[in-house]
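Order of the sequence lines fixes the chain letters, A, B, ..., with proteins taken first and strands second; residue numbering starts at 1 for each chain.
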2 protein chains.
Amino acid sequence: MDDRKAGGEDVFALLRSVVDVLESSHTLTPSGAVVQYHDPLDLETLLDFKLGDETSADQLMDLISKTVKLSVRTSHPLFFNQLYGGTDPFGLAGAVVSEALNTSAYTHEVAPVFSLSEREVLKASLKLVGFDDGDGIFSPGGSISNMYGIVLSRFRRFPDSKKDGVYGLPTLVIYTSQDSHYSVTKGANWLGLGTSNVVKIESDARGKMIPSKLEEAIRNSISEGKIPLIVNCTSGTTVLGAFDPLEEIAKICEAHGIWMHVDGCWGGSLLLSKIHKKKLAGVEKADSVSWNPHKMLGAPLQCSLFLVKHKGLLKSCNMAGATYLFQPDKMYDPSYDSGDLSVQCGRKVDSFKLWTLWKYRGNCALGELVDHAVEMANYFLDTIRNRPGFKLVLDEFETTNVCFWFIPPRLRDCVETEDWWRQIHKVGPALKKKLVESGDMMIGYQPLEHRNLKNFFRMVVTCHPPRTKSDMDSAVELIEKYGNQL
Amino acid sequence: MDDRKAGGEDVFALLRSVVDVLESSHTLTPSGAVVQYHDPLDLETLLDFKLGDETSADQLMDLISKTVKLSVRTSHPLFFNQLYGGTDPFGLAGAVVSEALNTSAYTHEVAPVFSLSEREVLKASLKLVGFDDGDGIFSPGGSISNMYGIVLSRFRRFPDSKKDGVYGLPTLVIYTSQDSHYSVTKGANWLGLGTSNVVKIESDARGKMIPSKLEEAIRNSISEGKIPLIVNCTSGTTVLGAFDPLEEIAKICEAHGIWMHVDGCWGGSLLLSKIHKKKLAGVEKADSVSWNPHKMLGAPLQCSLFLVKHKGLLKSCNMAGATYLFQPDKMYDPSYDSGDLSVQCGRKVDSFKLWTLWKYRGNCALGELVDHAVEMANYFLDTIRNRPGFKLVLDEFETTNVCFWFIPPRLRDCVETEDWWRQIHKVGPALKKKLVESGDMMIGYQPLEHRNLKNFFRMVVTCHPPRTKSDMDSAVELIEKYGNQL
């Protein structure tokens with residue numbers, strides 16, 4: 001074998017070069033552009049993506065350098081495009097450690113420290129949610145965490161479905177609000193339950209599921225001979241940031257014996273805040289919860305937890321007892337092996353980066369970071385509330401989602417006709433294009449069809465980097481600068 | 001906010017400290033122990049895992065340093081415990097870049113370079129498999145990749161099942177060999193198809209599915225009024241490394257209109273080898289393929305691909321059309337957004353690390369690394385074939401799995417009674433314990449109940465670090481050293 005291409009490389013020199021490239025391109029520092037935009041077709045010509053032939057280490061480092069330069073800088077303070085942003089530096093340090101140690105989380109045997117840090121993170125997270133003695137597992141994202149909830153609810157009610165499938169069962173119904181995440185629908189397809197058996201419950205003007213509408217839908221299902229299986233509540237909806245009324249929903253679920261799942265992927269981090277945790281009041285009454293610390297909290301992607309109140313259920317539902325991994329005659333207590341709680345086999349170590357950032361900051365500072373993010377969203381809202389050109393979708397905000405339209409000067413003080421709205425609808429993509437092309441800022445927009453709302457912007461503030469008032473002012477000014485040209 | 005705990009940390013200094021810790025602890029270099037073993041209960045006392053209070057940056061670095069020291073060194077040449085091992089240094093470099101740039105693979109908008117490197121990797125992988133114009137997606141591991149195959153097979157045959165679930169359908173049957181991976185069973189549970197509808201097809205002495213038995217099972221299903229849905233073939237079984245006869249199975253699938261999926265998670269990397277790719281002859285006739293470059297090829301965990309021949313199917317099956325992510329009025333061609341091909345929403349960037357290592361080495365060197373791994377397995381087999389104390393499970397090996405028992409001196413030249421086998425069964429865990437406690441080496445053992453085989457060892461060779469003959473000699477000598485004491 002040619003030595004150059006097969007081992008013997010100085011991996012540490014390589015890693016240091018990568019850190020140098022990241023530093024010199026100001027990737028993780030709050031200056032410069034958020035993105036150097038190129039159309040995909042142009043971008044394809046700027047980097048030699050083609051695979052097949054070998055290249056030199058220098059050429060590769062050059063490609064890496066270009067990659068860094070041409071990528072979106074999610075850690076920039078003016079990146080508001082998604083429900084994630086920059087990483088917590090201590091989370092990133094933890095992520096690099098687990099990448100380098102390259103192992104799978106399934107057994108204590110190959111992940112001795114990581115299996116223990118995972119247990120501790122799960123323990124602390126169960127406590128946060130208010131589950132006294134539950135179980136948990138890291139999953140590769142919120143969609144799969146939500147699927148865990150559906151699968152467990154089915155297994156608990158119909159344990160034979162594990163063996164027999166759902167063929168013999170009455171139709172099982174999943175309830176979720178109109179404003180909830182689309183993963184519930186995607187999950188219903190995968191899990192053989194059918195997307196048409198996901199009943200979308202009307203939410204109020206604020207985006208919260210209306211309990212009386214849920215009650216009504218449940219009664220309808222029962223009268224149709226269907227089985228109400230699970231209510232998927234949302235704590236922090238994707239667009240409006242809304243929190244479903246968990247206490248009221250819990251009563252309904254209890255009365256009907258329905259599994260209550262809380263999708264807290266986005267808003268779950270508010271549990272760390274002494275001030276804002278009340279938004280999730282009643283979460284401890286749920287059967288299961290999803291939480292993505294890779295969103296607001298800035299754990300590097302992917303970091304998603306599924307937590308369940310009923311100890312043992314996760315394992316009895318998912319276990320397959322593969323004897324090549326989970327030997328009963330191991331040299332240690334095999335209950336330290338988490339693999340059979342998961343639907344996966346090999347499983348990336350996602351716990352350690354959360355453990356490092358949590359260990360460093362502690363509960364208090366994490367809560368303060370969350371409080372600060374909410375405060376900055378509030379400052380943004382106050383700034384635009386009565387400002388010419390800004391029109392709020394809602395007067396108040398939840399989580400950190402501030403939703404608004406920008407009205408260019410030519411469209412201000414007009415009657416809001418259908419045609420006017422048609423023009424406002426085009427402002428979203430046009431203004432976004434200007435912000436992205438200039439590289440100054442990234443913020444998301446979307447319509448909300450079920451509310452007949454035309455394209456509007458969604459400001460979302462995450463914990464990293466901690467935003468300043470000046471960052472939020474810049475955001476407002478940039479929107480005005482480009483929006484006034486439209 | 002307290003500045004120390006909330007932003008402003010020097011992330012690059014932190015990353016350099018992490019690299020220093022990794023280097024000084026010889027984590028990625030071929031010397032020292034594979035593991036410093038401690039019982040979980042002891043290990044819990046060696047590191048302060050508890051979360052709640054804050055800690056200092058120095059204390060955290062100390063904890064990270066202990067973590068590195070007390071973790072299993074999967075990149076050690078004598079780590080043979082799993083179907084993965086050390087990482088390709090260029091893959092690790094790529095992984096660190098994508099960790100630092102922290103984004104999701106779902107849209108080109110937030111992952112401009114990564115979405116293009118993903119396209120290129122998928123293109124090159126589809127070519128490797130022999131699919132002219134298919135689709136692919138990165139998934140968080142082989143289990144989920146195999147589930148993609150099952151879901152697509154169901155959707156293609158019964159498109160309405162997406163909407164209606166599987167309630168109205170006849171029982172759908174999944175065929176897989178006795179020696180295949182347990183993910184197929186776990187998947188059948190999740191997907192609502194039922195574990196009892198996974199029919200395990202007898203495999204031959206070598207571990208390969210017997211086509212006539214498959215044919216028989218299909219006929220049985222049909223006569224019972226069930227629908228044969230999918231055959232899950234394995235290219236590289238977990239324990240024996242066996243390759244199912246794809247050409248013959250393809251004919252059967254074609255004759256009955258059954259979806260053919262190839263689980264090439266382990267053995268799929270042999271497609272890169274000019275010498276060994278013949279083991280997968282016929283793979284191009286499959287409808288879909290799973291391949292985990294995080295196994296043999298040493299891409300950092302997680303790196304799994306699902307590839308499908310039928311263009312468009314992945315999207316029509318999985319799409320939910322969330323308008324807050326996949327706006328139709330984007331500034332670029334939205335076909336560059338891969339999110340709606342996935343069952344996930346947020347999706348870790350798993351493609352870039354595979355792209356960097358592939359780009360650096362090229363097809364040829366990757367093939368040579370695979371050839372070398374196979375050669376080292378062959379050398380190991382030759383070394384133990386007629387050596388006192390070693391008893392082969394099979395005379396030959398496939399992929400790089402060499403399976404054997406070690407017979408301590410006191411049990412040699414005995415009649416192989418039931419009691420003798422009972423004692424041999426105990427050698428596996430006892431010898432493993434000695435190897436692990438000494439920290440000298442890690443190798444897996446397992447029984448194979450369906451073949452009535454008592455605990456035996458499974459040697460598996462991966463590409464990283466490239467093993468030498470001297471490594472393989474050391475492995476033999478260590479097994480003898482500790483085994484002879486039993």
Side-chain angles (χ1 to χ4, degrees), chain A residues 5 7 9 11-12 14-15 18-19 23 28 40 49 51 53-54 60 67 70-72 74 87 89 93 95-96 99 101-103 110 113 120 124 140-141 143 162-166 182 189 192-194 196 301-302 320 322 324 329 331 336 344-346 348 358 360-362 365 429 433 446 466, chain B residues 5 7 9 11-12 14-15 18-19 23 28 40 49 51 53-54 60 67 70-72 74 87 89 93 95-96 99 101-103 110 113 120 124 140-141 143 162-166 182 189 192-194 196 301-302 320 322 324 329 331 336 344-346 348 358 360-362 365 429 433 446 466:
Chain A
K5 293 291 176 200
E9 297 93 357
V11 60
F12 300 106
L14 198 57
L15 291 178
V18 166
V19 177
E23 185 162 23
L28 306 179
F49 287 101
L51 294 173
D53 296 333
E54 64 176 280
L60 190 74
T67 297
L70 295 166
S71 288
V72 169
T74 62
T87 64
V96 171
E99 288 293 323
L101 296 179
N102 196 51
T103 198
V110 292
V113 182
E120 178 60 28
S143 299
K162 177 173 180 176
K163 188 166 58 69
D164 301 334
V166 297
Y182 70 94
N189 171 26
L193 302 174
S196 68
L301 271 154
Q302 60 195 39
Y324 77 94
D329 47 15
M331 63 195 286
Y336 282 86
Q344 300 184 260
C345 175
K348 186 168 166 56
W358 199 334
Y360 173 68
R361 298 195 193 278
K433 188 164 184 276
Q446 65 288 303
Chain B
K5 294 292 178 199
E9 294 94 355
V11 58
F12 300 107
L14 198 59
L15 290 178
V18 167
V19 177
E23 184 161 26
L28 306 179
F49 287 101
L51 294 173
D53 297 333
E54 62 175 280
L60 189 74
T67 297
L70 294 166
S71 288
V72 169
T74 61
T87 62
V96 171
E99 289 292 324
L101 296 180
N102 195 52
T103 199
V110 292
V113 181
E120 177 59 28
S143 298
K162 178 174 180 177
K163 188 165 59 67
D164 301 335
V166 298
Y182 69 93
N189 171 28
L193 300 174
S196 68
L301 269 154
Q302 59 195 40
Y324 77 95
D329 47 14
M331 62 196 283
Y336 281 87
Q344 300 184 261
C345 175
K348 188 171 164 54
W358 200 334
Y360 172 69
R361 298 195 192 279
K433 188 164 184 278
Q446 66 289 303

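Both the backbone and the side chain of A:L70 come within less than 4.5 Å of a heavy atom in chain B. Of the two parts of A:D53, only the backbone, made up of N, CA, C and O, holds a non-hydrogen atom closer than 4.5 Å to a non-hydrogen atom of chain B. If you measure heavy-atom distances from A:Y324 to chain B, the contacts under 4.5 Å come from both the backbone and the side chain. Only the side chain of A:S143 has a heavy atom closer than 4.5 Å to any heavy atom of chain B. For chain B, the nearby parts of A:L51 are the backbone and the side chain; heavy atoms of each come within less than 4.5 Å. Looking at A:A124, the atoms closer than 4.5 Å to chain B (heavy atoms on both sides) all sit in the side chain, from C-beta outward.
The closest donor-acceptor contact from the side chain of A:T74 to the backbone of B:L101 lies under 3.5 Å.
Closest of all the heavy-atom pairs between A:E120 and B:F49 is CG-O, 3.0 Å. Between B:R361 and A:E54, the shortest heavy-atom distance links the atoms O-CB, 3.2 Å. Residue A:Y360 comes nearest to B:L60 through the heavy atom pair CB-CD2, 4.1 Å, listed as atom of the first residue, atom of the second, then distance. A:L301 and B:N102 make their closest contact through N-OD1, 2.8 Å (heavy atoms, listed as atom of the first residue, atom of the second, distance).
The distance from atom CG of A:N189 to atom CG of B:D164, rounded to the nearest 0.5 Å, is 11.0 Å.
For the options B:T87, B:T67, B:L15, heavy-atom pairs under 4.5 Å to chain A are most numerous at B:T67. Interface summary for chain A: among B:V96, B:V113, B:V18, B:V11, the most heavy-atom pairs under 4.5 angstrom belong to B:V113. When A:P140, A:A322, A:G141 are compared by the number of non-hydrogen pairs under 4.5 Å with chain B, A:P140 comes out ahead.
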